[in-house]
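Read the structure below first, then the notes.
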Amino acid sequence: MFSDFMLTHAWLIPLLPALAFLWIGFFTRLHKKRSAAIAITMSSLSFLLACGVTWAVLSGPITMETPFVQKTLWFEIGSVRIFMGSLVDPLTAMMLMVVTMVSLLVQIYSVGYMAHDPGAGRFFAFLSLFAASMLGLVIAVNFAQLYVFWELVGLCSYLLIGFYYDKVSAREAAKKAFITTRIGDFGLLLGILLLQITFGTLDFQELKVLVPAYIWISGTSFMTIVGLLLFIGPIGKSGQFPLHVWLPDAMEGPTPVSALIHAATMVVAGVYLVGRAYFIFSALPVVMNVIAWLGGFTAFFAATIALTQRPIKRILAYSTISQLGYMMLALGVGSLTASMFHLMTHAFFKALLFLCAGAVIEAMQDEADIFKMGGLRKKMPVTFAAMTIGVLAISGLPPFAGFFSKDEILGAAAAVSTPLYLLGTLTAFLTAFYMARLLFVTFFGEASPGCPATETNAFMRWPLIVLAVLSCVSGLWGHFAGFGEWVYFGAAEETGIDWVIAGTSTVLSLVAIGLAYEIYVAKRWSAYEISQRFGVLYTLSFNKYYIDEFYTLLRRTFCDGLGRILYWIDLHVIDGIVNGLARLVGVLSTIFTFLQNGQVQRYVAVFYGGVIVLVAYSLFYAYKVLTLLGGAF
Amino acid sequence: MNFLAIGTEIAIALLMLIVLAADLLLPKDVSHRRIGVISMVGLAVILVYTFGQYHIGASPTFFGGLFFVDNYALFFKQLFIIGMLFTILFSLEYTEKLLRYRGEFYVLLLSALLGMCVMASANDFITTFVGLELMTVSFYILVGARMTSEDSSEAAVKYLIVGAASTAVMLYGMSLVYGAAGSLVFSEVCRNIHLFYAAGLAGVIMVIIGFFFKLSVIPFHMWAPDVYQGAPTPVTALLAMGSKAAGIAVFMRILYTAFPILGNFWLPLLAGFAALCMIGGNIMAIRQTDIKRMLAYSSIAQAGYMMVGMAAADLAGMKAVLFYAMLYVFANLGAFAVLTVIDTERGGTSRRDITGLAQAAPLLAAVMTISLLSMAGIPPTAGFAGKLYLFTAVVERGYLWLAFVGFVMSMISVYYYLMVAKAMYRDLTPEEAEYAAPVYVPLTVRAAVLVSVFATLGLGICPEWLASLTNAAVQTFMR
């Protein structure tokens, strides 16, 4: 009874934050506290609903194979019928929990973080819309609905990254994020259209039946193209190489936004899409290989960049890219469970890390360079503790959350391909090193004399504590409660621990942390000398492999060059035509109005002129009819 | 005799007499608003009554079929009544302040309405002519109702002279048609092959010209700008929506029921003149600085759009025309209500007079903008849906070029409509500071403009309910 009620009202979960957005946007935009209260109330309600839905899924007969579906006709063009609705299976339930919880915590945190910002009302409106879009995406029943919310997520990220719109860098970052992800979205759209054309439906449940049958009959060649096109969307949205460039710049937004983007709403949308459409991808070996290798490469590649970066949020951004690479890697090697498990734990500890970083930056009065911090351990004990938990979690040390999920991924990778496994393990080593570097440089050592840092306020502290607890226990819980029997594809997975793999990666992480300690705390080796010794590699990493520069070059040559040609055409040819037309219209207008001289004599004359012409025409017409009929008149 | 069939007309005539008597009883120096209120209440009752007259089966008739009350006629009657009702509502203040014979003004409005309603139901040329003249003669006087204004008197005389010329042509045409076909009843005329004679065709074209005059089709439009500009603003509103819609109602009925066999003759003419109107009306409107004059030219273009739908000559086209006529009423109500206030408060309707309206009366500025955008056909206003229906209908029938002209000209029209918006919304220079002083907006005007804006936006977002009404109207056309 209760669970039925919850499931049939799952559509309320995205709707409530959307209402908050409208309400704030129309009525309380200028009122900071009221806006915050509305946003948080609605988020709490949808969090409670998500809990109810999860309970219903856990206790009821709903599994990955037998989801709960409810839909209503949205519009109809010819024979194409597009539905909107809610699809609830364990994957959805897990995502609903993660998204509502993280966005609720981020909103609470924002009350403290945005307390002195005059645009706070607008900020809460956008946050609500962001959460609503992501939740709508998560419960989508078909690709059309998913795409609508997918684009809304992109729009919200644009609005929020560019929240400080008076800053040039924020505007540029917002545009960059929007345009880069648009490139991916275009591929996704093409893929969706091909699906519609081929199968005549976009419904997940129907496609689940049709796609395997189609592949069985006509082979994988065509579907491989569709699969690759679909995957371009997640490449853009989830910041995979080579469309990852927007994600580090996205830190221009307020820090709570970064937390939301990196943890729960924006980037995991791509991973979720692959998971949701796994019945397509998993049937296409070529696409799976692409996903796995792209994911593995991105994970490693981003980790090497993170090694040398200095702004705290930029390090975290590259670590997000790297972790997303892990998730893709897991999907590519065929383990939906491992990927989604890591998505969940990552959401918690990455939100935690970002919120801590926000607290640090706020305490340091907008200083983001970690080498200008130091010694914050004593001044901000709670933040330090939370950050430490986050670092240990992401480094994959037991018993923190990252240990279990990362182990799952490495285990799945080892079962399929040794090179991928080695890549993953190496990345784990790098991850532990750069995260430890961040922690040690920021919090250890001596504080600079004029350091203004103090502990954060309660609004910002409590979300940190909640997330820290989640980062500790969510891995254990997932491991022992049997996450793999809950979210899986094909057959339920055992969540066992391969002690060789787990042990190796744990030892490597410990070594990495020790190494970082020696360099950055004990100062046994000088970081500067090491960077000198690695010369070229260091420069490459520090400059992010010059990918941004490369894109700029590409743009200069192709877009700007083409733009110049088109601009010339526009200026001389098209404008010429348009201006000519405008001049013609102007001249005609003058002539006509000149005829209108105000004399009624002329009016009547023109009138009768018209009569004469028309009567003459009718006589001519009558004459023609006459000749046609052969002079019968 | 089925007197219920002409119940609407009888009621309007009675209302007219009541208003006349009330005016006689009322002392001269007392506010005449109450007479306006009586008219409005009466019209509202009649409007409700007409909803009850919608039917599914055979339509009631009167005078042995000369007077035909099908749903089509009812739709137009409702349109006239709505237009009249809200025009009276927003012009109460204007009438009170600027007109000398206030009671007579309401009486003449009602008699014009009576003429329109008769036209909508007419099923023969004589009834048509009676209705047409009743309406037109009333308008001759109404145009000159502002006796202190030279413009108003000049407009009345011009309208009378050109109108008389047009009436002469039309009457001559009717007599030629009678001579050729031997009947004046539409349904009997249509079966007559003799219309193909030279005299018959000349008669047909002259009847058509009479309606072209009413619709102010180029080149029979020369009267329109002067008359629109000179007439009292509420009368201009009625000329733009009522008189024009009445002309369309009976014009469409005549073409489809009296001259269907001449389709090959008049369809190309209609399409050609529609294009001419759209092009000429929009181009000439660009140069205007007086908004009433601009709206006169724009109404020429609007007539062109509606003739596009008539050129489709099928049910879809008719529906589109009906839809467009109705939404045009609401757009005009909004625009002219604002102009009436401006005219009353600032003594003119030039673009200069509406400067800074966004600060002086934000509601009016918003209403004006939305109404003009609806005329330009910008979503989500009703004008977009209306143009969509019109052009879809005509494209279905193969007149792609006509729709294309419509698109291009709609685009051009946006320019001059937005010039008005620009004048209202631009920042004021220090010398213009006095334009920012609040303008008094009577409650009645507020009510009228809100209704018009809600209708314009509502029909734009959900065109379905009006579309279903037009559907009902055309399904029983002449049945």
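Surrounding OH of Y172(B) are at most 12 heavy atoms belonging to other residues, nucleotides or ligands under 6.0 Å away. Heavy atoms of other residues, nucleotides or ligands lying less than 6.0 angstrom from NZ of K167(A) number more than 12.
Residue with the most contacts toward chain B among V615(A), V604(A), V613(A), V611(A): V611(A) (heavy-atom pairs, distance under 4.5 Å). Among V204(B), I412(B), I161(B), I209(B), the residue with the largest count of heavy-atom pairs under 4.5 Å with chain A is I209(B).
The distance from atom OH of Y197(B) to atom CG of L619(A), rounded to the nearest 0.5 Å, is 15.0 Å. Interatomic distance, CE of M222(B) versus CD of Q599(A), reported as 10.5 Å (0.5 Å rounding).
With a 4.5 Å cut-off on side-chain heavy atoms, F273(B) and L614(A) count as touching. Residues Y621(A) and I205(B) are not in side-chain contact: their nearest non-hydrogen atoms beyond the backbone lie 4.5 Å or more apart.
In terms of heavy atoms, S618(A) sits closest to A202(B) at OG-CA, 3.6 Å. Residues Y608(A) and A168(B) approach most closely at OH-CB, 4.4 Å, considering heavy atoms. Minimum interatomic distance between P219(B) and G610(A) (heavy atoms only, all atoms of both residues): CG-CA, 4.2 Å. Considering all non-hydrogen atoms of both residues, A198(B) and A622(A) come closest at CA-CB, 3.6 Å.
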message: Run V169(B) and F607(A) through side-chain contact (heavy atoms from CB on, under 4.5 Å) and show every step you take.
response: CA-CA 10 Å; V169(B) 170; F607(A) 187 98; 4.1 Å; yes

task: Begin with the C-alpha distance, continue with both residues' side-chain angles, and end with the deciding distance and a verdict on ring-ring contact (aromatic ring centres under 6.0 Å, His included) for F265(B) and Y617(A).
output: CA-CA 10 Å; F265(B) 171 64; Y617(A) 168 74; 5.8 Å; yes

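Of the atoms belonging to I279(B), not a single heavy atom falls under 4.5 Å from chain A. The contact between M206(B) and chain A is made entirely by side chain atoms (from C-beta outward), counting heavy-atom distances below 4.5 Å.
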